[in-house]
Amino acid sequence: MFENHSKSVFNIDPKSIPFNLKKTYFCSLNKTEMLQLQTIREKKDEIITALKKRNIDASSLVNGVLELDEKRRATQTRLDNTLAESNKLSKEIGMLFKSGKAQEANQLKEKTGTLKETSKTLGEELGSISEALQSLLYQIPNAPHESVPAGNTEEDNEEIFKEGDVPELATDALPHWELAKKYDIIDFELGVKITGAGFPVYKGKGARLQRALISYFLDKNAEAGYTEMQVPHLVNEASGYGTGQLPDKEGQMYHVTADDLYLIPTAEVPVTNLLRDEILAESDFPIQYTAYTPCFRREAGSYGAHVRGLNRLHQFDKVEIVRVEHPDKSYEALDAMVEHVKGILRDLKLPYRILRLCGGDLGFTSALTYDFEVFSTAQDRWLEISSVSNFETYQANRLKLRYKDENGKSQLAHTLNGSSLALPRVLAGILENYQTAEGIKIPEVLVPYCGFDIID
RNA sequence: GGAGGAAUGGCAGAGUGGUCGAAUGCGGCAGUCUUGAAAACUGUUGAGGGUCACACCUCCGGGGGUUCGAAUCCCUCUUCCUCCGCCA
């Protein structure tokens, strides 16, 4: 059932990357944007075409942006000219006072009144135009990479790789939530008591196995050159905007209103924001971070048959990898991340497949995403356990994460991230695929981390 | 939580109403010298907007105000430091 497909699917020609930007552009109010305005100006039609893959018609949005952009620049110019004039007058007044010509100075003063008024009006106008422009820009998702297949739903995702053997289980094989109860390693009801649904309590060997997985993942990532970071689990609003969770996914994050902080939905947010407002040297690349954090998701509106057990939780653990790359190298880096995650799943001997997400399923901020899914035998279904994405300049633009190119110019870097891995579904996969009559066997690579080789 | 002090360019650190986008030092980059390196010397070196390119505009923790004019004065928020209290 699982045969290897060609590896060549990951060999993407960097020249094929769309919107590989040559110039940066930031609006005068120093706020961040999403797709770069400069790019929209230069490649309007390409962007609209690319966004069609997401099944959205962005033409009115894009046209609105361009219109406001033009208006903004015109207003800015008028304001600049007004300010230039009053600056000049002020200097003259200063000189006159210095040379004792107070009378002449006072005469000049009278001329400044209208200039002041004009610049105030223009400033307000500029402010509201910029704000409107900003809110339009925030509504445009990233342009998909050209390799992204068209499509609406997860049905249209493209399976590009499959590997591993599905174990032959006894006919009375149990799903993980039954196993969790049988061996008393995860208690969902206890979690309901102290918090609510979706907050399981891990017990004994279950807790130990989870900790073993975290350590194992972190060690593997460190081996591959990722620097381990421990980061806050609450982030401020600016961080949420930086990586694109805000304003798009406002309702999906837990918001601590008393302090206006958000519980992180993924380590991606604090880790990528470590580099917000930074200007790197080219020699800093590649930047590779890994972090273990709990992740908190409200999962508003997602109820139904597939949320049992560990399949969908409000709090879960995840080890994340984040990379910041030179634009020319980011797709190479994406390949490397995919290979890295493959290596971990091979070690764990879990059957898995890789999907290239279609336009309709692609995350708002991503240009290209590969999902990893583990086959959960007892449930007879695929479970998403990793998502590896290249955001190109989309996040960097919001983060103002730049580097100096060989000409000394600031350019936006590319950001990428991926799970390596999301714990609960890996755990579910292990419990279900490794169950035997004697108990649940522990994958060999985890035994040293667990200190036991079977849960019975 | 209470009382004080502070926030300036990559870093350190001047500047208390006018030609200050900001002295000076360190660091970085380029050059001279050198077989090479170091040292020394010379030049250069913040981020954005705007323009074909200039001009020009904005930014001295954030926001607001006073003034013809603000890094400098006032208000406010945030952060950091010192002392006291409390505490894992």
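Each chain gets a letter, A, B and so on, in the order the sequences are listed, and its residues count up from 1. Below, all heavy atoms of this structure are taken into account, side chains as well, without hydrogens, waters or symmetry copies.
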Colleague: Using Watson-Crick or G-U wobble geometry with both distances under 3.5 Å, which nucleotide pairs with B:U72?
Modeller: none
Colleague: How many Å lie between CD on A:Q38 and P on B:G49, as a whole number?
Modeller: 9 Å
Colleague: Taking the same atom, P, in B:C75 and in B:G5, what whole-Å distance lies between them?
Modeller: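 Going atom to atom, P in each nucleotide, I get 13 Å.
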Colleague: Closest approach to the side chain of A:T112, judged atom by atom: which nucleotide of B:A47, B:U19, B:C68 is it?
Modeller: B:C68
Colleague: So, does A:R73 get its side chain near the phosphate of B:U51, meaning an N or O under 4.0 Å from OP1 or OP2?
Modeller: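 So the side chain of A:R73 is within the cut-off, an N or O lying under 4.0 Å from OP1 or OP2 of B:U51.
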Colleague: Can a side chain N or O of A:R402 be found less than 4.0 Å away from OP1 or OP2 on B:A47?
Modeller: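 No, outside the criterion.
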Colleague: Write down the distance between CD (A:E70) and P (B:G49), rounded to a whole number of angstrom.
Modeller: 18 Å
Colleague: Of all the nucleotides listed (B:C57, B:C68, B:G48), which has the minimum atom distance to the side chain of A:S410?
Modeller: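 My answer, after comparing the listed nucleotides, is B:G48.
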Colleague: Taking the same atom, C1', in B:C20 and in B:G15, what whole-Å distance lies between them?
Modeller: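 Straight-line distance between the two C1' atoms is 9 Å.
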Colleague: Relative to the 5' end of RNA chain B, which residue comes earlier, A:S86 or A:L83, by the nucleotide with the nearest heavy atom?
Modeller: A:L83
Colleague: Please tell me if the side chains of A:L209 and A:Y449 come closer than 4.5 Å, counting only heavy atoms from C-beta onward.
Modeller: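 No, too far: nothing below the 4.5 Å cut-off.
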Colleague: Should B:A12 form a Watson-Crick or G-U wobble pair with both distances under 3.5 Å, which nucleotide is its partner?
Modeller: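 The base-pairing partner of B:A12, which may sit in any strand shown, is B:U24.
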Colleague: Roughly how far, to the nearest 0.5 Å, is the CG atom of A:D456 from the NZ atom of A:K205?
Modeller: 5.0 Å
Colleague: Mind checking whether A:R297 and A:M253 have side chains closer than 4.5 Å, heavy atoms only?
Modeller: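 Result no, sub-4.5 Å side-chain heavy-atom pair not found.
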Colleague: Could you tell me how far apart A:L96 (CG) and B:G17 (C1') are, to the nearest whole angstrom?
Modeller: 17 Å
Colleague: Taking any strand in view, what nucleotide pairs with B:U58 in a Watson-Crick or G-U wobble way, both distances under 3.5 Å?
Modeller: B:A47
Colleague: So does A:E117 pair up with A:K120, basic N to acidic O under 4.0 Å?
Modeller: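 Answer for the salt bridge query: no.
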Colleague: What nucleotide, of B:C68, B:C56, B:U19, holds the atom closest to the side chain of A:S90?
Modeller: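 Among the listed nucleotides, the one closest to the side chain of A:S90 is B:C68.
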Colleague: Using atom P in both nucleotides, what's the gap between B:A71 and B:G63 to the nearest angstrom?
Modeller: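 The answer is 13 Å between these two P atoms.
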Colleague: Take atom C1' in B:U42 and the same atom in B:U19, then report the distance between them in whole Å.
Modeller: 27 Å
Colleague: Choose from B:C68, B:G49, B:U58 the nucleotide whose nearest atom is closest to any side-chain atom of A:I93.
Modeller: B:C68
Colleague: What is the distance, rounded to the nearest whole Å, between atom CG of A:L115 and atom C1' of B:C57?
Modeller: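 Nearest whole value for this atom pair: 15 Å.
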Colleague: Tell me the interatomic distance from A:E237, atom CD, to B:U78, atom C1', rounded to whole angstroms.
Modeller: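 Rounding to the nearest Å, CD of A:E237 and C1' of B:U78 are 15 Å apart.
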Colleague: In Watson-Crick or G-U wobble terms, both distances under 3.5 Å, what is the partner of B:A6?
Modeller: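 Base partner found: B:U79.
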Colleague: Partner lookup for B:C86, please. Criteria are Watson-Crick or G-U wobble with both distances under 3.5 angstrom; report none if nothing qualifies.
Modeller: none
Colleague: A:K88 has an atom NZ; how far is it from atom P of B:C56, in whole Å?
Modeller: 11 Å
Colleague: What's the closest nucleotide to the A:K116 side chain, out of B:U67, B:G49, B:C57?
Modeller: B:U67
Colleague: Hey, can you tell me if A:Y254 and A:H314 have their rings parallel, tilted or perpendicular (30° and 60° cut-offs)?
Modeller: perpendicular
Colleague: Which listed nucleotide (B:C57, B:C68, B:G46) is nearest to the side chain of A:K404?
Modeller: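 Between B:C57, B:C68, B:G46, the one nearest the side chain of A:K404 would be B:G46.
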Colleague: When you get a sec, tell me which of B:U51, B:A47, B:C68 is the closest nucleotide to the side chain of A:F97?
Modeller: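 The answer is B:C68, which lies nearest to the side chain.
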Colleague: Quick one: A:M95 CE to B:G17 C1', roughly how many Å, whole number?
Modeller: 17 Å
Colleague: If we count only N and O atoms by modelled type, under 3.5 Å, do the side chains of A:R398 and A:T243 hold a donor and an acceptor together?
Modeller: no
Colleague: B:G50, B:A47, B:C57: which one has an atom nearest the side-chain heavy atoms of A:A84?
Modeller: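 Looking only at side-chain atoms, A:A84 lies closest to B:C57.
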Colleague: What is the minimum heavy-atom distance between A:T293 and A:A267, and which atoms define it?
Modeller: OG1-CB, 3.5 Å
Colleague: By nearest atom, which of the nucleotides B:G50, B:A47, B:C57 is closest to the A:R72 side chain?
Modeller: B:G50
Colleague: With C1' as the reference atom in both, quote the distance from B:A40 to B:C33 in angstrom, rounded to an integer.
Modeller: 9 Å
Colleague: Under a 3.5 Å distance rule, please check whether A:N81 uses its side chain to pair with a backbone N or O of A:R78 as donor and acceptor.
Modeller: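 No, A:N81 side chain to A:R78 backbone: no donor-acceptor pair under 3.5 Å.
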Colleague: Report the residue (A:K98 or A:L89) whose heavy-atom-nearest nucleotide on RNA chain B is the more 5′ of the two.
Modeller: A:K98
Colleague: Mind checking the P distance from B:A53 to B:C59? Whole angstroms is fine.
Modeller: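 The answer is 24 Å between these two P atoms.
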Colleague: In whole Å, I'd like the distance from the NZ atom of A:K91 to the P atom of B:G18.
Modeller: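 So the NZ-P distance, A:K91 to B:G18, works out to 13 Å.
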Colleague: Would you mind telling me which of B:A47, B:U58, B:C68 lies closest to the side-chain atoms of A:N87?
Modeller: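 Shortest atom-to-atom distance from the side chain points to B:U58.
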Colleague: What's the gap between B:U8 and B:A3 when it is taken at their P atoms, as a whole Å value?
Modeller: 25 Å
Colleague: Using Watson-Crick or G-U wobble geometry with both distances under 3.5 Å, which nucleotide pairs with B:U32?
Modeller: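 The answer is B:A40, by the H-bond criterion.
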Colleague: Expressed as a whole number of Å, how far does the C1' atom of B:G13 sit from that of B:A7?
Modeller: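 It works out to 13 Å between them.
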